[in-house]
Amino acid sequence: MLHIYDTLSKQKAPFQPIEPNRIKMYVCGVTVYDLCHIGHGRVMVSFDVITRYLRARGWDVTYVRNITDVDDKIIRRAGENGESTDQLTDRMIVAMHQDEASLSVLRPDIEPRATAFIGDIISMVETLIEKGFAYAADNGDVYYRVEKFDGYGKLTNRNIDDMRAGARVEVNAAKESPMDFVLWKSAKEGEVSWTSPWGEGRPGWHIECSAMSKCCLGDSFDIHGGGPDLPFPHHENEIAQSEAANGCSYANLWMHAGAVRVANEKMSKSLNNFFTIRDVLQVYNAEVVRYFLSSVHYRSAIDYSEDSLKDARAGLERFYQALRGVAIAADEGELGAQYEARFFEAMDDDFNTPRAFAVLFEIVTELNKASRDGSAEASQLAAVLKRLGGIIGLLQQDPEAFLQGEAKEGELDSDAIEALIVQRAEAKKARDFAESDRIRDELASQGVILKDSREGTSWFRES
RNA sequence: GGCUGGAUGGCAGAGUGGUCAUGCAGCGGACUGCAACUCCGUUAACGCCGGUUCGAUUCCGACUCCAGCCUCCA
């Protein structure tokens, strides 16, 4: 039985989809005004693992992840760049898709863009006005009347009085109350805009998700997910909008990924301490980065550092060293079901990937023993390992290719390495160990590590 | 100040009322011409103070510290 932690109820609960065998999931995606950083990558990888696992468990998952392609930051950045908002967002979306592909993140089933749903957004705002949950102000903005919605604050445990006392909300004379938030924003001169009953304007930040989730999944659906900074105000406001407009419960359960930190501080745009996915992939292998992001529980904070990436690299090398040279059996035999049960048990506990990894490492130990003993079980264990690893989106490369890696600039290419290995083999044959060690040291100084076995010498790059 | 999490061995990171996490690193051994890879063995931990209990790292309470949200941010 799968249990998932719900941000709203603040506990793990047995998961039960609304429709049997069908799961509808909406995850808040990226506002595309800049390149994705590793924090975005974490949300992508986390929900990718979750989706892959739900599917492996036999559910039919519809995974929707939106793209917010209209907003203040986009308008500002496009202005700075001297390009249109479309030019900017199209470029950033292409880049995002490339980054995802690098990290082996499968594309969501639907990726709605806010600007494609303006009509639906307008009609939802109209509904909210009709029902008294929203009002058009004199300045052309439309605001949500927060006090009118009884459940306001239920996701993040806040009440309106406390927040008003905090008084960090902007003072805006057009609002009835400082807590009210904007649903529709009137356009300033020269800004991208759409025609609406309230004049030229564009959607506020939260309404697009309410509208798009409704269009793609319906009024109620199973899982709503997102990054660590979204519960308030974004998801709180989505609940207020959707439940007021649709007159029914919105998402059944809320999942939020943990933050990526740098030097114990959250990686964020405002702190300017972020690394883009591209930055990171310049230095580390993409699968190593995915391993790093998926080996920690999805809700825990994770520290981005050279050491953690090195750890990830070492762990992944252990997997591929075990798989190297072992044929993948077509039939896993009894072993498959046995390890799968333990792996699923771990994942059923709120997608506990660290526990799942522990099971995978046990397979590695058994696999290494079987390989050493020349047992036929090796191929079966390799097959289980590769299949279960695939649920986390790992271990699908050819082991040799992963371990040998790509030659970086100034490094020996594989032909040169192979040539030196042949020379060394000749030296060894002549029992000229001084020469053979010299060659090995020379390769080691290039980051190439040799491994002798009965079948010959193999090599891999350390990094 | 309000609201969420968290504090586990050298590091990363699960978990449990009394016997094992797991990975990296360390130590001893096997393998090897010597190594690397691998295998076997092994060291070592539960923030602080109380309480419940035969027994608590695990349950309860106080405290300290850390992070996140409360303003745009995944």
Side-chain angles (χ1 to χ4, degrees), chain A residues 5 7 10 27-31 33-34 36-44 46-47 65 71-73 76 153 155-159 161-163 165-170 205 225-234 236 256-261 264-272 274 291-292 295-297 299-303 305 307-308 310-319 321-322 324-325 346 349 352-362 364-365 367-369 371-373 403 428 431-434 436-437 440-441 443-444 448-453 457-460 462:
Chain A
Y5 181 88
T7 308
K10 286 154 206 72
V27 173
C28 286
V30 176
T31 300
Y33 71 101
D34 203 350
C36 291
H37 60 63
I38 213 70
H40 296 106
R42 158 105 115 156
V43 173
M44 291 169 178
S46 295
F47 285 98
R65 194 189 59 209
D71 121 297
D72 290 350
K73 294 182 293 298
R76 182 166 15 101
L155 180 67
T156 51
N157 260 4
R158 8 200 124 198
N159 64 69
D161 294 334
D162 284 353
M163 283 187 284
R168 272 166 84 187
V169 283
E170 73 178 293
W205 172 32
D229 31 26
L230 294 183
F232 193 90
H234 185 54
E236 201 70 75
H256 292 96
V260 177
R261 295 185 197 161
N264 214 29
E265 262 189 337
K266 191 182 82 158
M267 185 182 290
S268 77
K269 291 292 174 79
S270 35
L271 289 170
N272 204 38
F274 62 91
Y291 180 106
F292 162 67
S295 59
V296 173
H297 185 90
R299 282 191 285 117
S300 304
I302 183 173
D303 264 298
S305 69
D307 280 352
S308 22
K310 280 196 169 143
D311 265 18
R313 165 92 199 175
L316 197 53
E317 265 172 13
R318 181 164 165 81
F319 282 118
Q321 290 279 12
R324 178 180 228 178
D349 179 19
N352 194 328
T353 49
R355 263 176 74 192
F357 271 91
V359 175
L360 298 184
F361 278 113
E362 284 179 44
V364 166
T365 300
L367 168 52
N368 282 330
K369 279 194 260 188
S371 296
R372 179 197 58 192
D373 301 340
L403 292 165
K428 276 180 70 174
R431 303 199 62 80
D432 181 358
F433 295 122
S436 84
D437 288 353
R440 188 172 64 201
D441 291 345
L443 285 167
V448 176
I449 308 300
L450 302 185
K451 176 186 171 188
D452 294 335
S453 69
T457 299
S458 58
W459 58 275
F460 67 95
E462 64 174 5

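Letters A, B, ... mirror the listed sequences (proteins, then strands); counts begin at 1. Worth saying up front: this structure is predicted, and the values here are computed from it rather than measured.
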Considering residues at least two apart in sequence or located in another chain, which fulfil the ring-ring contact (aromatic ring centres under 6.0 Å, His included) criterion with [X]?
X: Phe361(A); answer: Phe319(A)
X: Phe47(A); answer: none
X: His297(A); answer: none
X: Phe274(A); answer: His37(A)

Listed by chain and number, what are the side chain to side chain contact (heavy atoms under 4.5 Å, CB included) partners of Asn157(A), not counting sequence neighbours?
-> Lys10(A)

Qualifying residues under side chain to side chain contact (heavy atoms under 4.5 Å, CB included), relative to Arg372(A), sequence neighbours excluded | Lys369(A)

Between G2(B) and Asn157(A), is there an OP1 or OP2 to side-chain N/O distance shorter than 4.0 Å?
-> no

Helical stems, RNA chain B - three or more consecutive Watson-Crick or G-U wobble pairs below 3.5 Å = B:1-7 with B:64-70, B:10-12 with B:22-24, B:26-30 with B:38-42, B:49-51 with B:59-61

Nearest whole angstrom, please: distance from the [atom2] of [N] to the [atom1] of [X].
X: Asp229(A); N: U4(B); atom1: CG; atom2: C1'; result: 14 Å
X: Leu230(A); N: C73(B); atom1: CG; atom2: C1'; result: 8 Å
X: Arg299(A); N: G13(B); atom1: CZ; atom2: C1'; result: 15 Å

Contacts of type side chain to side chain donor-acceptor pair (under 3.5 Å), residue [X], not counting sequence neighbours:
X: Ser300(A); result: none
X: Glu265(A); result: none
X: Arg65(A); result: Glu100(A), Glu111(A)

In plain terms, say whether Lys310(A) and Asp307(A) are close enough for a salt bridge, that is, a side-chain N and a carboxylate O under 4.0 Å apart.
-> no

Base, backbone or nothing for each nucleotide of nucleotides 29-36 of chain B, written B, S, -, heavy atoms under 4.0 angstrom, 5' to 3'?
-> ----BBBB

Describe the nucleic acid contact of Phe47(A) in one word from base, sugar-phosphate, nothing, applying a heavy-atom distance below 4.0 Å.
-> nothing

Answer with base, sugar-phosphate or nothing: what part of the nucleic acid does Arg158(A) contact at a heavy-atom distance below 4.0 Å?
-> base

Could you run down the sub-3.5 Å N/O contacts of the protein with nucleotides 22-26 of chain B?
{"from": "G23(B)", "atom 1": "N2", "to": "Asp311(A)", "atom 2": "OD2", "distance (Å)": "3.3"}

